[in-house]
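Note that the structure is a prediction, hence the values are computed from the model and not measured. Just so it is clear, the values below take in all heavy atoms, side chains as well, and ignore hydrogens, waters and symmetry mates.
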Amino acid sequence: MSVVPRGALVSALAALSVPSLSVLTAAPATAAPAATASPAVTAASAAPAATAVPTPPGAALMPPPARPEDETGDHLTVVVRHAGRGLDGTYQVSCHPTAGTHPDAAGACRTLDANTQWGRDTFAPVAPDSVCTLVYGGPATARVTGTWAGRPVDAAYDRGNGCEIGRWDRMVPLLPDLGSPA
């Protein structure tokens with residue numbers, strides 16, 4: 001089974017186009033009213049057929065306008081503490097389209113897309129039965145909250161051992177690059 005990163009799937013779907021339906025018209029009634037039909041039925045069947053308003057050329061290819069309630073997609077808040085001067089803070093990042101106060105929002109979105117695979121939690125903690133090296137990566141912590149790929153996110157990160165350092169490093173540049181522990 002091959003795994004396709006979420007960003008590639010979104011791009012591939014966006015490139016597809018659906019044949020547009022140009023103008024729908026209702027066909028006029030061709031059957032004559034029955035002789036025993038009531039006057040109300042006869043009057044209703046005598047009404048003119050509805051016709052659709054013609055669509056200007058190219059308008060059928062335009063996507064519908066974005067509404068504020070539709071913009072609930074991929075948005076995360078990243079809070080970084082004890083990472084060092086210039087790295088601590090609270091950052092907002094939105095993807096698809098990229099926006100926010102994160103210092104490298106585009107890079108963060110690329111990293112998130114690369115780490116997103118169907119059926120796997122992008123922000124999953126280290127498994128409790130993992131065997132990890134006893135390497136301390138420093139006091140830095142981060143908390144990521146929001147929504148990613150339509151699912152709520154509430155993930156905590158630290159650098160307390162080799163597994164946690166690896167988990168942190170997979171999310172760089174969403175999380176700051178602190179380098180390897182000395």
Side-chain angles (χ1 to χ4, degrees), residues 1-18 61-182:
M1 176 172 100
S2 64
V3 177
V4 177
R6 183 172 184 267
L9 182 60
V10 170
S11 299
L13 290 174
L16 296 176
S17 65
V18 178
L61 302 176
M62 298 292 292
R67 303 175 304 175
E69 60 268 24
D70 292 338
E71 296 178 14
T72 59
D74 301 330
H75 177 80
L76 299 170
T77 301
V78 181
V79 179
V80 179
R81 299 282 180 250
H82 311 294
R85 187 176 200 153
L87 300 175
D88 290 352
T90 300
Y91 307 102
Q92 304 291 323
V93 63
S94 295
C95 301
H96 314 114
T98 302
T101 60
H102 191 282
D104 185 5
C109 290
R110 279 191 304 274
T111 295
L112 288 163
D113 284 338
N115 284 304
T116 301
Q117 297 176 357
W118 184 259
R120 292 184 57 204
D121 182 0
T122 306
F123 303 92
V126 173
D129 60 347
S130 297
V131 178
C132 304
T133 59
L134 297 177
V135 176
Y136 181 64
T141 61
R143 184 164 202 107
V144 180
T145 57
T147 304
W148 181 256
R151 302 185 72 172
V153 174
D154 188 357
Y157 290 82
D158 66 50
R159 296 175 61 84
N161 62 46
C163 295
E164 293 292 349
I165 293 168
R167 180 174 173 250
W168 179 294
D169 289 348
R170 279 190 296 279
M171 287 296 174
V172 170
L174 176 68
L175 303 178
D177 185 359
L178 301 179
S180 298

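- Nearest heavy atom pair, residue V172 against residue T111, reads O-OG1, 3.2 Å.
- Residues that satisfy the salt bridge (charged side-chain N to carboxylate O under 4.0 Å, His left out) test with D154, not counting sequence neighbours, are R143.
- With rounding to the nearest 0.5 angstrom, the OH atom of Y157 is 6.0 Å from the CG atom of L175.
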Check step by step if side chain to side chain contact (heavy atoms under 4.5 Å, CB included) holds for M171 and V144. CA-CA 11 Å; M171 287 296 174; V144 180; over 6 Å; no
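- Shortest non-hydrogen contact noted between P173 and A108 is CG-N, 3.7 Å.
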Please lay out, stage by stage, how V153 and L76 fare under the test side chain to side chain contact (heavy atoms under 4.5 Å, CB included). CA-CA 8 Å; V153 174; L76 299 170; 4.1 Å; yes
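- The structure places OG1 of T133 at 6.5 Å from CG of N161, a figure rounded to the nearest 0.5 Å.
- With H102 contributing its side chain and V78 its backbone, the two residues share no donor-acceptor pair below 3.5 Å.
- For N115 (side chain) and R170 (main-chain N/O), a donor-acceptor pair under 3.5 Å exists by modelled atom type.
- Screening residues 91-104 for salt bridge (Lys or Arg N to Asp or Glu O under 4.0 Å) gives no qualifying pairs among residues at least two apart or on separate chains.
- A donor-acceptor pair under 3.5 Å is formed between the side chain of W168 and the backbone N or O of P176.
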Kindly determine whether R151 and D74 satisfy salt bridge (charged side-chain N to carboxylate O under 4.0 Å, His left out), including the steps that lead there. CA-CA 9 Å; R151 302 185 72 172; D74 301 330; over 6 Å; no
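- Legend: side-chain hydrogen bond (donor to acceptor under 3.5 Å, both in side chains) pairs involving residues 77-92, not counting sequence neighbours, sorted by first then second residue: H75-Q92, T77-Q92.
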Return all side-chain donor-acceptor pairs below 3.5 angstrom for residues 119-126, not counting sequence neighbours, or 'none' if the list is empty.
residue: R120; atom: NH1; partner: Q117; partner atom: OE1; Å: 2.7
residue: D121; atom: OD1; partner: F123; partner atom: N; Å: 3.0
residue: T122; atom: OG1; partner: T116; partner atom: OG1; Å: 3.3

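- Among the candidates V135, D158, L178, the single residue satisfying the side chain to side chain contact (heavy atoms under 4.5 Å, CB included) test with I165 is V135.
- Between C109 and V93, the closest heavy-atom pair is SG-CG2, 4.0 Å.
- Listed by chain and residue number, E164 satisfy the salt bridge (charged side-chain N to carboxylate O under 4.0 Å, His left out) test with R167 (two or more places apart in sequence, or in another chain).
- Under the 3.5 Å distance criterion, the side-chain polar atoms of T98 are left unmatched by any main-chain donor or acceptor of C95.
- The stretch residues 115-157 participates, sequence neighbours left out, in these disulfide bond (SG atoms under 2.5 Å apart) pairs: C132-C163.
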